[in-house]
Amino acid sequence: MYRTHTCGELRLEDAGKEVTLAGWVHRSRDLGGMTFLDLRDRYGITQLVFDMQQDEGLCREARKLGREYVVQVKGEVRERSSKNKKLPTGDIEIEVKDLHILGASEVPPFTLEEESDGGEEIRMKYRYLDLRRVPLKENLILRHRVAQKIRNYLDAQGFLEIETPALIKSTPEGARDFVVPSRLHERQFYALPQSPQIFKQLLMIAGYDKYFQLVKCFRDEDLRADRQPEFTQVDCEMSFIDQEDVLQVFEGLIKELLASVVNFKIEEDFPRLSWDEAMQRYGTDKPDIRFGMELHELTDLVKGKGFRVFDEAAWVGAICVPGAAGYSRKQLDQLTEWVKRPQIGAGGMVYVKYNGDGTVKSSVDKFFAPEELRSWGEACGASAGDLLLLLSGEKERTLFAMSELRLEMGERLGLRDKRVFAPLWVTDFPLLEWDEEENRFVAKHHPFTSPREEDLALLEKDPAAVRANAYDLVINGVEIGGGSIRIHDTALQARMLDLLGFSREDAEQQFGFLLEALRYGTPPHGGIALGFDRLVALLGGGDSIRDYIAFPKNNAARDMMADAPNYISEKQLKELHIRFRG
RNA sequence: GGUCACGUAGUUCAGUUGGUUAGAAUGCCGGCCUGUCACGCCGGAGGUCGCGAGUUCGAGUCUCGUCGUGACCGCCA
């Protein structure tokens, strides 16, 4: 037996016990006559004492231990003469009688404190050391707890966790696939799943009417702080249900997670916004509704006064920033520069200050009379002391810029509190999206999403106007999940694929097995997938999902620790029938 | 594919208008210290200023290229 206790559990009432502990040397404090060692494991830190007068040889041995040595000690628990209130074990220490080095350690390249002195790069290379730090440890524990709660919740609702394959067939629709060459079948490739979409639908057809899976998914696209090439989804599918049933089950799940994990209780139903309404009020389909500052369209109000920027714009809108009329010229100039960055893409910004004394001051005083400027304020619900920020231009781009500006101002005003959670459902997404590059309609969600019944007639006449039975779960401006009610009718599915420009052969080649399965008695079904990494990061208050994944990839999709991807041997290539040109 | 930022000691960073021997903190090594807990004090070692070219009497500093890292845009059905 290597240990009788962990480094986090001994208390004052254990004083007098003979114990054996094992762990890492976190830090040592050599006072000459005595040496203190902090022994650490994932449960906590316990202080060890070595005394020159008690056992000089042992004490000298202890002094030689470097940081991160793995040691085993036997000794007696005793009350400290000077206690440390900062540690749960701070009332006691171990008077060591026996010391074994279980594993020596090189000097770590960075410190393993709460706040490490190491930068991203070196910590990623030595990820196994970084994971010893408390914050990352806490994050992985949180991830585990959330996973368990999700499993318990769905299990209690009768869901079955069923695994689907990781080596599947490539489907070019959607994100790029990661592909795996086949050794047994020359020139052929598997793909890693972007999601288990088709398989979960087949499970519905097979009669497993409530399925879920915590499942790795893969997308070969560029990374972000919230996007990894391999990530985990809470993937679900249900039969004999409609949209309302899905929303109910997962609203319940999110409420339970928020209550039990971060003690944030929500009694009322999550707000629901149609996609149209979300775009209109927030300029985005994933609004952060922790704060107001909604968008107001002013296009008709501002035109025809000789201000060319507005006269030529397809869309003009504003947000009203409460209490910000005191913004200085310098601050407004900086904000203007901010919206003009290519990432935001606004041409410029117009402001109107509604001063406390009733006067109005704007950057377009030359073109608009004060009463006109006041009418804008009224349209936006501005009161004295508020600041109106206007952007104009092509509609879609301007809505995007407006939405980003809204988030930025919310951030500056401290309205985006990480301890507050504001979930909502966004519903009635457009079924299709025009793809400029491909010059055709593509599915906004995926090709198996059902159109709303009342829009069926528009399918051929005005495809862009057709709404889908699709929904997203958004929390604090983060897209946490999305799903849809699927098509369970063979004829409708064929119509959809036709509309998306699939030839009969292509459709047959890519998802023939699903199309065939639909003919064998398919129940109405639908589901949802939640981004598990994002959900955990959100609950943990983190900005990057990398901090919630044990071994993540870097910006360039590289594993900096193992140095993957990498070249493979000629022998491997030969077995896979792969030869490189040039 | 693109935009921006960064790259100097093991680590995190500072380094003025181009100018003598490139600094600090921390870590590391050695010494002193019996109640520390970010222990303290004294001493020491540690640098191809990412790499390559250019401008210059002279480059950590300026220019170009290149590599790496990060954030974002495109992309992510």
Side-chain angles (χ1 to χ4, degrees), chain A residues 26-39 45-54 56 59 63-64 66-68 78-87 89-90 93 106-126 129 171-177 194-195 197-198 217-229 231 340-345 397 400-401 404 429-433 435-438 440-449 468 470 479 482 484 496 500 502 510-511 529 531 543-544 546 554-556 558 560:
Chain A
H26 188 63
R27 184 188 283 117
S28 73
R29 292 175 293 280
D30 178 3
L31 271 62
M34 65 198 316
T35 291
F36 298 100
L37 283 189
D38 287 342
L39 191 68
I45 282 178
T46 298
Q47 175 165 287
L48 312 178
V49 200
F50 299 85
D51 195 317
M52 277 302 224
Q53 280 172 5
Q54 297 283 332
E56 187 175 333
C59 194
R63 282 182 184 182
K64 280 187 279 183
R67 283 158 53 209
E68 300 307 310
R78 73 174 187 210
E79 184 172 2
R80 289 201 201 183
S81 57
S82 55
K83 301 187 168 57
N84 184 346
K85 289 188 171 56
K86 286 186 257 178
L87 285 179
T89 61
E93 61 196 0
E106 309 247 319
V107 176
F110 52 92
T111 62
L112 306 183
E113 304 297 326
E114 288 258 350
E115 290 294 328
S116 172
D117 65 2
E120 276 287 304
E121 199 172 344
I122 193 136
R123 286 191 288 118
M124 280 286 242
K125 186 175 174 198
Y126 297 93
L129 296 181
T171 54
E173 196 83 352
R176 268 183 284 266
D177 279 328
Q194 299 175 28
S195 92
Q197 184 58 36
I198 293 180
C217 299
F218 304 85
R219 288 177 192 177
D220 188 7
E221 298 292 347
D222 286 5
L223 289 82
R224 292 285 186 279
D226 64 349
R227 259 166 40 191
Q228 284 274 304
F231 60 102
K340 283 165 82 172
R341 291 181 316 148
Q343 279 82 352
I344 307 298
R397 276 173 62 111
F400 169 77
E404 291 295 311
F429 274 76
L431 182 70
L432 303 163
E433 212 171 20
D435 187 319
E436 293 287 348
E437 264 175 50
E438 304 241 349
R440 66 177 176 101
F441 279 105
V442 296
K444 190 163 173 77
H445 189 52
H446 56 57
F448 318 113
T449 297
E479 184 193 330
S484 66
M496 267 300 294
L500 293 171
F502 280 89
Q510 281 186 39
F511 357 85
D543 293 318
S544 173
R546 286 179 208 174
N554 80 350
N555 224 16
R558 191 160 268 289
M560 295 180 78

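Naming: A, B, ... by sequence-line order, numbering from 1 per chain. Below, all heavy atoms of this structure are taken into account, side chains as well, without hydrogens, waters or symmetry copies.
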Work out how far the [atom1] atom of [N] is from that of [M], and round it to whole angstrom.
N: rA9(B); M: rA25(B); atom1: C1'; answer: 12 Å
N: rU36(B); M: rG43(B); atom1: C1'; answer: 23 Å
N: rU17(B); M: rG1(B); atom1: P; answer: 37 Å
N: rG44(B); M: rG23(B); atom1: P; answer: 14 Å
N: rU3(B); M: rG65(B); atom1: P; answer: 11 Å
N: rG30(B); M: rG35(B); atom1: P; answer: 23 Å
N: rC41(B); M: rG27(B); atom1: P; answer: 11 Å
N: rA59(B); M: rG50(B); atom1: P; answer: 15 Å

If the threshold is 4.0 Å, N to carboxylate O, is there a salt bridge linking Arg63(A) and Asp30(A)? yes
Give a yes or no on whether a salt bridge exists between Arg176(A) and Glu221(A), defined as a side-chain N under 4.0 angstrom from a carboxylate O. yes
Counting Watson-Crick and G-U wobble pairs only, both distances under 3.5 Å, name the nucleotide matched with [N], or none.
N: rC41(B); value: rG31(B)
N: rG65(B); value: rC51(B)
N: rG70(B); value: rC4(B)
N: rU16(B); value: none
N: rA25(B); value: rU11(B)

Atom pair distance, as rounded to whole Å: [atom1] in [X] and [atom2] in [N]:
X: Ile344(A); N: rC4(B); atom1: CD1; atom2: P; value: 16 Å
X: Lys85(A); N: rG35(B); atom1: NZ; atom2: C1'; value: 15 Å
X: Tyr126(A); N: rU69(B); atom1: OH; atom2: C1'; value: 16 Å
X: Lys64(A); N: rG30(B); atom1: NZ; atom2: P; value: 11 Å
X: Arg558(A); N: rU69(B); atom1: CZ; atom2: C1'; value: 13 Å
X: Asp51(A); N: rC33(B); atom1: CG; atom2: C1'; value: 14 Å
X: Met52(A); N: rC32(B); atom1: CE; atom2: C1'; value: 12 Å
X: Glu106(A); N: rC29(B); atom1: CD; atom2: P; value: 12 Å

Residues in ring-ring contact (aromatic ring centres under 6.0 Å, His included) with [X], at least two apart?
X: Phe441(A); result: Trp434(A)
X: Phe511(A); result: Phe448(A), Phe502(A)
X: Phe218(A); result: none

Would you call Arg67(A) and Pro108(A) a side-chain contact if the rule is heavy atoms closer than 4.5 Å? yes
Take atom NZ of Lys444(A) as the centre, draw a 6.0 Å sphere, and report whether it contains more than 12 heavy atoms from other residues, nucleotides or ligands. yes
At 4.0 Å (heavy atoms only), tell me whether [X] reaches a base, stays on the sugar-phosphate, or touches nothing.
X: Arg78(A); result: base
X: Leu500(A); result: nothing
X: Met560(A); result: sugar-phosphate

Go through the structure and list residues passing side chain to side chain donor-acceptor pair (under 3.5 Å) with [X], not counting sequence neighbours.
X: Glu56(A); result: Arg60(A)
X: Glu79(A); result: Lys83(A)
X: Arg27(A); result: Glu113(A)
X: Thr89(A); result: none

B/S/- along nucleotides 36-44 of chain B (protein heavy atoms under 4.0 Å) is BBSB-----
Strictly under 4.0 angstrom, non-hydrogen atoms only: write out the protein contact profile of nucleotides 71-77 of chain B, one letter per nucleotide from the 5' end, B, S or -. BBBBBBB
Contacts of Arg67(A) and Met124(A) projected onto RNA chain B by closest heavy atom; the upstream (5') one is Arg67(A)
